[in-house]
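One structure is given here, and the rest of the page talks about it.
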Amino acid sequence: MDPVGQDINLNSPNKGLGPAGGVDSLTEGGAMGVAAVNTLPPGLTEEEAEELYSDLAKVEEEINTLRQVLLAKEKHSADLKRKLGLSPLNELKQNLTKGWQDVQTSNAYLTASETLDGIAQSEAYKKTSETLSVAGQKTTAAFSTMGTVLSRKLGDMRNSPTFKSFEDKVGNIKYMVVGPRGNGEAVQSPTETNPVQDNAPF
């Protein structure tokens with residue numbers, strides 16, 4: 001048989017057949033008829049070829065039987081898992097948990113863990129950690145002080161005559177836009193109170 005044109009799908013009913021399907025197809029017994037082959041490989045007699053084709057048919061039949069047995073076993077396994085309440089998600093969780101445990105007990109993980117522990121116990125690490133801790137405390141104190149100063153300055157500024165004047169101007173603008181009913185009442189659009197002019201430029 002020509003392996004290039006051969007159907008290699010193991011579940012295919014045409015498994016082992018050539019592209020034409022019948023040119024060099026299997027006979028009823030499952031073996032390749034010697035008459036169907038135009039030429040025999042050199043050094044192979046017709047009897048040897050028939051014996052090889054017979055063996056090939058038996059092996060393919062065994063493969064099909066094993067495939068059917070495997071399929072039945074997989075179905076039985078799925079039924080048992082379903083009855084036990086094992087879902088694919090639970091299996092994945094168990095596999096991940098087991099994988100993580102395997103990683104934690106691996107030599108690479110243990111070596112890396114020991115190295116990190118060694119670094120954490122080193123003087124350089126301790127000094128760096130202490131320095132960063134002090135720097136964090138000083139930064140926190142600086143921001144706290146800055147927040148207090150800003151609050152005080154904003155309070156002082158709010159009591160200043162300039163801020164009072166600004167606040168009055170904003171209040172006047174609000175009054176002019178909203179009007180005297182600006183406390184929770186709906187604001188009408190300017191088009192509702194002023195009719196649209198027919199001679200508008202746009």
Side-chain angles (χ1 to χ4, degrees), residues 3-12 14-16 59-60 62-178 181-187 189:
V4 175
Q6 184 178 3
D7 185 0
I8 59 170
N9 182 353
L10 297 178
N11 294 323
S12 170
N14 299 325
K15 176 177 57 76
V59 169
E60 287 180 348
E62 289 175 6
I63 290 171
N64 285 333
T65 302
L66 291 172
R67 190 176 291 124
Q68 291 171 355
V69 169
L70 178 62
L71 188 64
K73 294 280 185 186
E74 287 175 341
K75 185 177 179 183
H76 184 65
S77 172
D79 288 342
L80 291 174
K81 287 178 182 178
R82 183 181 44 78
K83 288 178 182 177
L84 290 170
L86 299 175
S87 68
L89 182 61
N90 288 341
E91 284 186 62
L92 178 64
K93 287 178 185 177
Q94 289 173 352
N95 288 342
L96 289 175
T97 302
K98 185 181 182 312
W100 178 242
Q101 289 172 349
D102 291 346
V103 165
Q104 288 180 321
T105 58
S106 70
N107 287 336
Y109 181 85
L110 294 174
T111 303
S113 180
E114 290 172 6
T115 303
L116 290 175
D117 287 343
I119 290 172
Q121 300 302 322
S122 71
E123 287 299 316
Y125 177 82
K126 289 179 182 177
K127 287 181 181 179
T128 303
S129 177
E130 290 171 8
T131 303
L132 290 174
S133 176
V134 169
Q137 291 171 357
K138 288 183 178 181
T139 304
T140 302
F143 279 124
S144 176
T145 303
M146 187 171 72
T148 304
V149 169
L150 283 174
S151 295
R152 193 173 339 118
K153 287 288 184 186
L154 286 173
D156 292 347
M157 191 174 90
R158 183 160 191 174
N159 294 328
S160 72
T162 305
F163 187 80
K164 293 267 185 202
S165 172
F166 178 74
E167 193 174 37
D168 289 342
K169 287 181 182 178
V170 170
N172 288 338
I173 292 172
K174 178 183 175 192
Y175 181 80
M176 288 176 9
V177 171
V178 176
R181 62 193 172 352
N183 295 334
E185 294 180 17
V187 177
S189 72

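All of these numbers come straight from a predicted model, not from anything done at the bench. All heavy atoms count here, side chains included; hydrogens, waters and symmetry mates do not.
- Of the inter-residue distances, the one linking Q68 atom CD with I63 atom CD1 reads 12.5 Å to the nearest 0.5 angstrom.
- For the salt bridge (Lys or Arg N to Asp or Glu O under 4.0 Å) condition, no pair includes a residue of residues 113-127, sequence neighbours left out.
- A side-chain hydrogen bond (donor to acceptor under 3.5 Å, both in side chains) check over residues 128-140, counting only residues at least two apart or in different chains, returns nothing.
- Note that the CG atom of L66 and the CG atom of L71 stand 12.5 Å from one another [nearest 0.5 Å].
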Side chain to side chain contact (heavy atoms under 4.5 Å, CB included) assessment of N90 paired with K81: CA-CA 10 Å; N90 288 341; K81 287 178 182 178; over 6 Å; no

Residue pair R152, T148: steps toward the side chain to side chain contact (heavy atoms under 4.5 Å, CB included) verdict: CA-CA 6 Å; R152 193 173 339 118; T148 304; 4.2 Å; yes

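- For residues 93-112, every residue pair satisfying the salt bridge (Lys or Arg N to Asp or Glu O under 4.0 Å) rule, not counting sequence neighbours, is listed here: K98-D102.
- The environment of CG in D79 is crowded: more than 12 heavy-atom neighbours from other residues, nucleotides or ligands sit within 6.0 Å.
- Side-chain contact check for L110 versus Q104: every heavy-atom pair is 4.5 Å or farther apart.
- The distance from the CD atom of E62 to the CZ atom of R67 is 12.5 Å, given to the nearest 0.5 Å.
- A donor-acceptor contact shorter than 3.5 Å is absent between the side chain of S144 and the backbone of A141.
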